[in-house]
Each structure stands twice: as structure tokens, then as C-alpha cells.
Amino acid sequence: MIIIRLNRQEFEYDIQSLVKAFFPKTEMKTVVSEADDAEAGDFIVDVRYTDAAIHLSLEEIGKKSLISSDKVDFADRTGTKNKLKQKLYQMLCEWTGKELPWGSLTGIRPAKIAVSMLEAGKNDDEIRQYMQDTYYTSAEKIDLSLEIGKRELKILAPIDYKNGYSLYIGIPFCPTTCAYCSFTSYPLAKFKKITEPYLEALLQEIDFAAKAYSDRTLNTVYIGGGTPTTLEAEQLERLLKAVCSKFDLSHMLEFTVEAGRPDSITREKLEVLKANGVTRISINPQTMNQKTLDIIGRKHTVEQIKEAFSMAREIGFDNINMDLIVGLPGETPDNVRYTLEEIKKMAPDSLTVHSLALKRAARLNIMKKDFSDYHYENDVDLMKMTENYAREMGLVPYYLYRQKNMEGNMENVGYSTVEKAGLYNILIMEEKQTILALGAGAISKFVNYDTGEIERVANVKNVEIYVSKIDEMIDRKRNYFHSINPLDSHGNSRVTEIDAEVDEDGLDADLAAAYELALTDAFHHGVKVSNLAYDLAKYMGYDDEFCANVALAGMVHDIGKMLLVPYLNTKAAIDTMNVKKIRYIRSHATLGYQILKEKEFAEEILQAVLHHHENFDGSGFPDNLIGEQIPESARILRICDVYTALTSDRTYRKSYGEETAIRLMIEEVKNFDLKMFIALQRLLHEDAGSAEIE
């Protein structure tokens, strides 16, 4: 057991990620405490922050400690973070006797560093020096980043980011769920009955999206999943015809459909794809070793992979991608080499090589005991082997990304012939263009080209709820479109339906009435959150002082919204503040913190209020804290706030029942501390049980 001890919550995620990279198989626990001996373990990483310095030590039973101290300027958070990671990396290298190929770099888009510096006019030597000095990245990985960065810029040069966009459509069904998969997918055998209602709901969203973006240029279309070809040929035909008829495809540069699993591919389906203008498909074996396919739950044979690929070529597809995963359970270098030899014979136009990344929701992670007899192997040599084979096939690297918990601390690389690079893949990695995403679990990423900010608008992941709440999913986009730009390029209403759906009486209410309504809602919501937060903290064994503080924080967590009533609740505000409305809403946590700080509330309460919208995966606000960087009290409030909101009536919907609310939260479980979320479910279950007994 590795214990990471900190005296305050600063840069926790960065420390954890770096330590995990050196000790990927070892359990870790982070403890935040002022005491030097807060908790002991076999190996201890101790981080002490003072006003102007960071003190680091590595300790192990029976071994001498490594100690380091460095002066820092906490006002420069990026500089401080880099200095901390540099020193910790150096100490871990000395301790373990090994270096990491990507050095201290833990971000998921290394190529973006090269791209941004190339765009700023930096030359190769300056970029190499920066990545070496800042992250200790190996020469080989720097060269890879540079090669890909230059290729991406060349490929993207003709794209008009500001006036163009890409379209993603998600089909969340699969023949079976693979053991390594953490995406929300629904096995067809169990969910076949809902494919038709899902398609009908999706067609409604497609119709809305096409009208809303009729004045923009569509550059790429990507239909992914799941496995889109789990749909019947007739359903695929309807979907593709809707896309072709409703969107202007005259400027489209690429139309991709992930055929994916060979056991979902038929000649009829491939002919439907070809007839409707699809230019690029994926046929994804992951491995060409039958034993591995059986282990990971892919219910198809190696021969089916070859047959599907051959059939696609016969029908005329000249841009076929294949996905491989390195690090699958039980696979040796010889197994990987065999897969590459078989792929080489088929000669795909692009090859995407993934390093296995075990996410929390994957069966390989959840059911570790079932896979304990298998080893997982990936390293620099294996990734170099895949690169060499790709280059022998005439394929060059064109995009790159990394994920947490990747075997061997490696990366995912896309290779292609020069003219067959996957344009959508580059666009979504570089985040330079708006991605309009439709379907269950789809997350639209709207790029503001003036500020560089990216706004995300998500659909629910649960396919049944998506179908039943399709109007709500459409409204999320409608409201966003109207908030940023109510008129199209011709001066017409971008989404005309919005005017008919506004409650004019409510908008004309005076400010006093708006304040009264907001205060009443906030009070009732605050009471519910407070009670639930107290019960959850008590259930989890926190002391009385902590429980009292989290209860008080729950009562006042939305107090910042009181300052926003003039901007959010009146007709004048809605008419004039659309552009900034989302930003104002997001400011309420900071405003609440400032109000309570002036009243000298306890620091624990202040931190809970400030960070109650932080998500566990780092996607929240205001500070994008991640994991255990988020104060425990704020993590509790996040869960209780969401559950209370879901189980309460809103002006736009009735309350959800407990079971549905929990199901919705499971779909967004990345937002929550899993241990606390499980505790909430147990608490609710026990309360329900007690009520039944009474």
C-alpha cells in the first residue's frame, strides 16, 4: 500500500497520477492531514506545503528516505505544478531506477503541446528543449509528437473552424460488452426491443440539429457507439437517409461509420453504407488471437474479421480502419506480432493502436478476481513493434492521445496512408472545431472562437431515459443555441420554436417576485440537501464537527444564486443577457464563497460551497479540480445536490423516483466519488428497509 500524505489539498491529482505511473499495480491511498504521521504505509510519499515552498519526502520501511525542498510562487499555479511534478518525478526515478517515456507529462493530448508551439512559430529545437526541460519527455516521444503535430496542421489547414462543424451520432448498442470497455453500451440480445424507439428519438434530434445549424458548413460526420452496425440494414438506411436529406453535405470531407464488430457486419449493411455516401469505415479486431477474443468476450472468430474486411473491399470501400489493443489479458509479444502479421496481409488504409487502459467501469477492473490468472504486458518495445509494422504497411502516425491507467504508461496512436487520415479524429483531439453530438451519452463540444472556451452540452447516457426524455435532450441544445446567438447569419431566429415555448407571464414578473420565487426554491432545496448531506456524512463515520459543517454548507450552498436573480429570472435579463447566461450561472459557487467568507464562515464550509460543482473526473467548475483534490465536504454536497435536484419537481419536469434518479446518476458516475456514491445508495436502501419494517 502506497500512502500519499499531504498537509493540504493542492495538486492531488497530479501527484497521484505520477506516483501511479511508477507503481501501476500497487494500491494507493491519499490522506490530507497536518500531522506528519497521519497514516503509515509500506511506501509513503509525503508532501508538505508552506507559504513559499514545497517539501517532499519518499519513505519506505527499512530504507533511507529521499528528501527535497523547493521554493515556489503559489500565485503562479502552472509554474508551481510543473516544479512539483519535476521534483517528484526526479525523486521517483532515483527511487525506482527507471524513467518514463513521457516523463512527468500526465495530460491526455501531448500532440497539442507541439501543435500550439508550432502555431506560435517555435522551431523543432525549441519544442524539443521545452518538452525535455519541462516534462523530461524522451527524445522518441518528442519526435512522435512533433511528427504528428506537423501532419495535423497540414491536414487541418483547409478547414474553416469558425464557420464549420462536425457531426457525431452515437449508436449505443453492441452484440456483447467487451471486458475492457467502459463506454455505455447495451448488449443487443437484451435491448433489441428499444432499438426502434431509440432510432425514432434520434431522428427527432437529427431533425432539430439540422435546422439549428443550417447556416454552418458541415465538414465531417462520424457515426460511432457502441457498434452502429448492430442496427438492422433497414434501420441503418433510415438513419443515413435522414442525415443525407436533412444536412447539407456538399462541403463534407469525410463520412465515417464504425462498423466495428465483424459479427454485426453483413453484405446488405455494407451496401447500405456505400449507397448512402459513407466514405470511411472501421472493422475492429482488437486482436487476431482467438483465445484472447474469447477471454475479452468478443463473440466472433478471427475468420469473421477476415471475411468482413474482404467483403468491404469487394463492395468498394477504399478507406478502412482497423483498431488493435496492446496489453490485453494474457497476450505476449509473440501474440502481438502474430496479430500485426495478419493485419499486414489485409493491408488496411489506417490502423489505430490502443494501449489497454483499465477504467473503473470496465469488467476487467470490476471483476479483477475473474482475470487474476492473466498478465497484462505493454512497454516501449511493444509500441515500437506496432509502429514499425505500421510504417512497413505504408502508414504514418497522424494523431495521438493518452488515457489514465494505460498499461506501460504508453499512448494511443492512429496511423494511416498520407491521404486517408481520419479527419474527425484529429478535430476532436485538437478541440479546434465544434462537435455537434447526438444520441444517448453524446456530449457536444461548442468552441467559442473568440475566447477559446469550450462549452459541453451532454445528453443522458441511459438509452431508455434518452428515449423518454428526448424533448428534454433537444431543449438542452435549443437553449444553448439561443443563449449564444438567437439569430442566424440571415438575421432570422435560429430556433423559432423557442418563442412559442416561453411562459410570458413568468418572464414579465417583476424583480421582487423573482427574488421571492428564487429564495423559496433555494430554501426548500437547501433544507433537503442539508439533511441528506448530514445523514450521509454520519453514515460514513465522519465526526460531529464535520457533519455539522457539511449540513450548514448544504443549507447555504446556492446562496450565490441570489445575486444572479436579475440576470436569470426577468424578461429584460433573458432578452439582453443570453450570451453570458451560462457564465453567470457558473459563477454562483464563487459568489456564494465570497458572501460567506465576508460573514467569516468556517473554512470547511467555504470550501464545500466553492467546490460543490466540481466533478470527480475534473470536468466541473469553478477550478476543474479532480479526484481527491476536491474537498470531502464538497464531494458529499455534489452527490446530495444532484440526488435532491433529480427527486424534486422542477418548472420543466416532474420529480424522478429514487430508482430512476440513482440510475441517472450511475450514467454520470464519473462526476462522483464512487465510495461516497455507493454509501448514498446503501443509506437510501437501509432507510427504505426501515420504513418497510415500520
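No side-chain heavy atom of Val326 sits under 4.5 Å from any side-chain heavy atom of Met410. Side chains of Lys670 and Asn615 form no contact here, defined as non-hydrogen atoms less than 4.5 Å apart. Using a 4.5 Å heavy-atom cutoff, the side chains of Leu423 and Leu156 are in contact. In this structure, the side chains of Leu239 and Ile223 come closer than 4.5 Å at one or more pairs of heavy atoms. Considering only heavy atoms from C-beta on, Val413 comes within 4.5 Å of Tyr415 through its side chain. For the pair Gln433/Val447, no side-chain contact is recorded, criterion being any heavy-atom separation below 4.5 Å from C-beta on. Contact of the Pro348 side chain with the Phe309 side chain is registered, since non-hydrogen atoms from C-beta on lie closer than 4.5 Å.
A donor-acceptor distance shorter than 3.5 angstrom exists from the side chain of Asp248 to the backbone of Ser250, with no hydrogens or angles considered. Arg280 contributes no side-chain N or O that, together with a main-chain N or O of Phe255, makes up a donor-acceptor pair within less than 3.5 Å. The backbone N or O of Ile113 sits less than 3.5 Å from a side-chain atom of Ser116, completing a donor-acceptor pair. Glu126 contributes a side-chain N or O that, together with a main-chain N or O of Asn123, makes up a donor-acceptor pair within less than 3.5 Å. Not a single donor-acceptor pair under 3.5 Å links the side chain of Thr137 to the backbone N or O of Gly103. A donor-acceptor pair is defined here as one N or O able to donate and one able to accept, closer than 3.5 Å; such a pair exists between the side chain of Lys269 and the backbone of Ser264. Not a single donor-acceptor pair under 3.5 Å links the side chain of Ser310 to the backbone N or O of Lys306. A donor-acceptor contact shorter than 3.5 Å links the side chain of Ser138 to the backbone of Pro101. A donor-acceptor pair is defined here as one N or O able to donate and one able to accept, closer than 3.5 Å; such a pair exists between the side chain of Asp617 and the backbone of Ser619.
Rounded to the nearest 0.5 Å, atoms CG (Leu58) and CG (Leu88) are 6.5 Å apart. Interatomic distance, Asp318 CG to Thr279 OG1, rounded to the nearest 0.5 Å: 8.5 Å. To the nearest 0.5 Å, atom CZ of residue Phe11 and atom CD of residue Gln16 are 13.5 Å apart. A distance of 8.5 Å separates CG in Asp215 from OH in Tyr213, rounded to the nearest 0.5 Å. Taking CD1 of Ile281 as the start and CD1 of Ile265 as the end, the distance is 6.5 Å to the nearest 0.5 Å. We find the CG-CG distance between Asp160 and Asn219 to be 7.5 Å, quoted to the nearest 0.5 Å.
Listed by first then second residue, pairs satisfying salt bridge (Lys or Arg N to Asp or Glu O under 4.0 Å) with a partner in residues 422-433 read Arg109-Glu431, Lys112-Glu431, Glu119-Lys432, Glu431-Lys445, Glu431-Arg456, not counting sequence neighbours. Within the structure, the salt bridge (Lys or Arg N to Asp or Glu O under 4.0 Å) test picks out the following pairs touching residues 72-87 (sequence neighbours left out): Glu10-Arg77.
Between Asn459 and Ala437, the shortest heavy-atom contact is ND2-O, 4.3 Å. Nearest approach of Arg298 to Pro262, heavy atoms of both residues: NH2-CD, 4.2 Å. A pairwise comparison of heavy atoms in Thr26 and Lys20 identifies O-NZ, 3.2 Å as the closest pair. The shortest non-hydrogen separation linking Met383 to Thr386 is O-OG1, 2.6 Å. Contact detail for Tyr424 and Glu254: the closest heavy-atom pair is N-OE2, 3.0 Å. A pairwise comparison of heavy atoms in Arg402 and Pro110 identifies CD-CG, 3.5 Å as the closest pair.
Checked for salt-bridge contact, Glu342 and Lys345 meet the test: a charged N lies under 4.0 Å from a carboxylate O. The pair Arg337-Glu341 does not meet the salt-bridge criterion, since no charged nitrogen lies less than 4.0 angstrom from a carboxylate oxygen. Note on Arg313 versus Asp349: salt bridge recorded, some NZ/NE/NH1/NH2 to OD/OE distance being below 4.0 Å. Checked for salt-bridge contact, Glu387 and Lys384 meet the test: a charged N lies under 4.0 Å from a carboxylate O.
Partner Glu258 forms a side chain to side chain donor-acceptor pair (under 3.5 Å) with one of Thr227, Thr229, Asn284, Asn321 and no other, that one being Asn284. The residue from Glu411, Glu99, Glu147 that alone fulfils the salt bridge (charged side-chain N to carboxylate O under 4.0 Å, His left out) condition with Lys141 is Glu411.
Note: Tyr165 and Phe247 have tilted aromatic rings, judged against thresholds of 30 and 60 degrees for the angle between ring planes.
Side chains of Thr30 and Glu12: a donor-acceptor N/O pair is absent below 3.5 angstrom, by distance only. Between the side chains of Asn319 and Ser350, no donor-acceptor pair of N or O atoms lies under 3.5 Å.
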Run the numbers on Asn412 and Thr352 for side chain to side chain donor-acceptor pair (under 3.5 Å), then give the verdict.
-> CA-CA 7 Å; Asn412 303 325; Thr352 307; over 6 Å; no
Asn335 vs Thr332, side chain to side chain donor-acceptor pair (under 3.5 Å): CA-CA, chis, key distance, verdict | CA-CA 5 Å; Asn335 294 136; Thr332 66; 3.1 Å; yes
After noting the C-alpha distance and the side-chain angles of Asp294 and Gln290, does the key distance pass the side chain to side chain donor-acceptor pair (under 3.5 Å) rule?
-> CA-CA 6 Å; Asp294 296 339; Gln290 189 63 52; 3.1 Å; yes
Stepwise, does the salt bridge (Lys or Arg N to Asp or Glu O under 4.0 Å) test hold for Glu271 with Lys274?
-> CA-CA 5 Å; Glu271 287 173 345; Lys274 188 66 178 172; over 6 Å; no
Audit row: Tyr401, Asn425, side chain to side chain donor-acceptor pair (under 3.5 Å) steps and yes/no | CA-CA 10 Å; Tyr401 70 102; Asn425 291 332; over 6 Å; no
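In this structure, Tyr89 has its ring center under 6.0 Å from that of Phe22.
Atom NZ of Lys98 is surrounded by more than 12 heavy atoms from other residues, nucleotides or ligands within 6.0 Å. Few gaps surround CD on Glu419; more than 12 heavy atoms of other groups in view lie less than 6.0 Å from it.
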